[in-house]
Amino acid sequence: MSSVSMEEDDSASKINLPADIHWEMLDKSKFFFLGAALFSGVSGALYPIVVLKTRQQVMSSQIPCLKMAGSMLRSEGYRGFYRGFGTSLTGTIPARALYMGALELTKSSVGSATVQLGFSEASSSAIANAAAGLSAAMAAQLVWTPIDVVSQRLMVQGSGNSSCGVVGLKCYNGGIDAFRKIVCSDGLRGLYRGFGISILTYAPSNAVWWGSYSIAHRLIWGSIGCYCCKKDDEGGYRPDGKAIVAVQGLSAAMASGVSALVTMPLDTVKTRLQVLDDDCSSRRTPTVLQTVRNLVKEGGFSACYRGLGPRWASMSMSAITMITTYEFLKKLSTKNQETFV
């Protein structure tokens, strides 16, 4: 069975890439069930990097990533890298279901609409992917925001519930305890702390990522031409499965770099709003403006980019595994797989 990719306008006569699998072609129950299992595994593999990124963002001073990782390993063991994972995994299944459903529905409808409006195949694909990423992120945040609020607070707790270097952090005894204390202290609104800036972070981030991925994917195929391809019966060239996966991975890494650079300051502010509680001088919940001011006081504008290395690595690794797993998932979930051989 052939891998899934997008057709190239400029090289369609030479390189024949398999057609995309659209929403109506999928067995929905298989798509969501297999997707939950596959992406839970991906989340588990990448979770330690997310913990490192989150801890760096809430520290009052800059600590190198490797030094922090070594300190965590010595003081907390491997369990320290999976603090809050149970809570995070609980939200992965419904959030991923919302994300994948919104992604495919939007991509299919916007893609068809843009083609009918006269856009080129390349432009139509980029617009559809960006719109799909935007809508998918907004839908998923309904679940992800409360899960993030709880899991991130557990992530930054050190050994013995200590929080060295972190100002304004309460201690929790697991996800249920954190959920209960947050609701008792701030009501349900506390679980959606940072929801607005989460939308402002993840919606553009996803739009930038999917749009950049579509553009990078086409540019890479346009650059390598017929290399790594075999001649087919139609007189054109068809890339092998390894080449398709390699291009998908490289495109994902490039898109992640662009997205991380554009949205890193928003992500840092969002994380601090969700994790840190009131400081000693005020009982009010910190605002976005106050959080930015505190960051700039601590380390200038560069403080907004704390954790960029782990976030870039996390986004790249997550994106590479996500896109290859996602395309594999779509292949497994097609109603008539023989159609796509």
message = Checking one residue: Leu200. Which other hydrophobic residues are in its cluster under the side-chain 4.5 Å linking rule?
response = none
Atom CG of Leu261: over 12 foreign heavy atoms under 6.0 Å = yes
remark   = Rounding to 0.5 Å, atoms CG (Leu34) and CG (Asp27) come to a distance of 9.0 Å
request  = Report the distance from atom CE of Met264 to atom OG of Ser205, rounding to the nearest 0.5 Å.
outcome  = 11.0 Å
inquiry  = Between Ser316 and Trp312 (side chain of the first, backbone of the second, donor and acceptor by atom type, cut-off under 3.5 Å), is there such a pair?
reply    = yes
inquiry  = Using 0.5 Å steps for rounding, measure from the CZ atom of Phe195 to the CZ atom of Arg189.
reply    = 13.0 Å
ask   = Is it the case that more than 12 heavy atoms not belonging to Phe31 sit under 6.0 Å from its CZ atom?
value = yes
key: Heavy-atom closest contact (Arg55 atom, Gly80 atom, distance)   = NH2-O, 4.1 Å
query = For Met138, does the CE atom have more than 12 heavy-atom neighbours from other residues, nucleotides or ligands under 6.0 Å away?
reply = no
message = Looking at every non-hydrogen atom in both residues, tell me the closest pair between Tyr202 and Ala137 and how far apart they are.
response = O-CB, 3.5 Å
inquiry  = Using a 3.5 Å distance criterion without hydrogens, assess whether the side chain of Ser256 forms a donor-acceptor pair with backbone atoms of Ala252.
reply    = yes
inquiry  = To the closest 0.5 Å, what do you measure between CZ (Arg153) and CG (Asp177)?
reply    = 11.5 Å
task = Please say whether more than 12 non-hydrogen atoms of neighbouring residues, nucleotides or ligands are located less than 6.0 Å from CG in Leu188.
result = no
ask   = More than 12 foreign heavy atoms under 6.0 Å from CZ of Phe328: is that the case here?
value = no
ask   = Should the pair Tyr82 and Tyr47 be assigned to parallel (<30°), tilted (30 to 60°) or perpendicular (>60°) ring geometry?
value = parallel
message = If we ignore hydrogens and angles and just use 3.5 Å, is the side chain of Thr114 paired with the main-chain N or O of Gly111 as donor and acceptor?
response = yes
query = Within the distance-only criterion (no hydrogens, no angle test), does the side chain of Thr268 pair as donor or acceptor with the backbone N or O of Cys304 below 3.5 angstrom?
reply = yes
task = Would you give the length of the straight line joining atom CE of Met254 to atom CD1 of Ile220, rounded to the nearest 0.5 angstrom?
result = 5.0 Å
request  = Run through Met100, Lys30, Met322 and flag the one making a side chain to side chain contact (heavy atoms under 4.5 Å, CB included) with Leu329.
outcome  = Met100
request  = Mind telling me whether Tyr213 and Trp209 have parallel, tilted or perpendicular rings, with 30° and 60° as the class edges?
outcome  = parallel
request  = Please confirm whether the backbone N or O of Phe119 pairs with a side-chain atom of Ser123, one donor and one acceptor, at under 3.5 Å?
outcome  = no
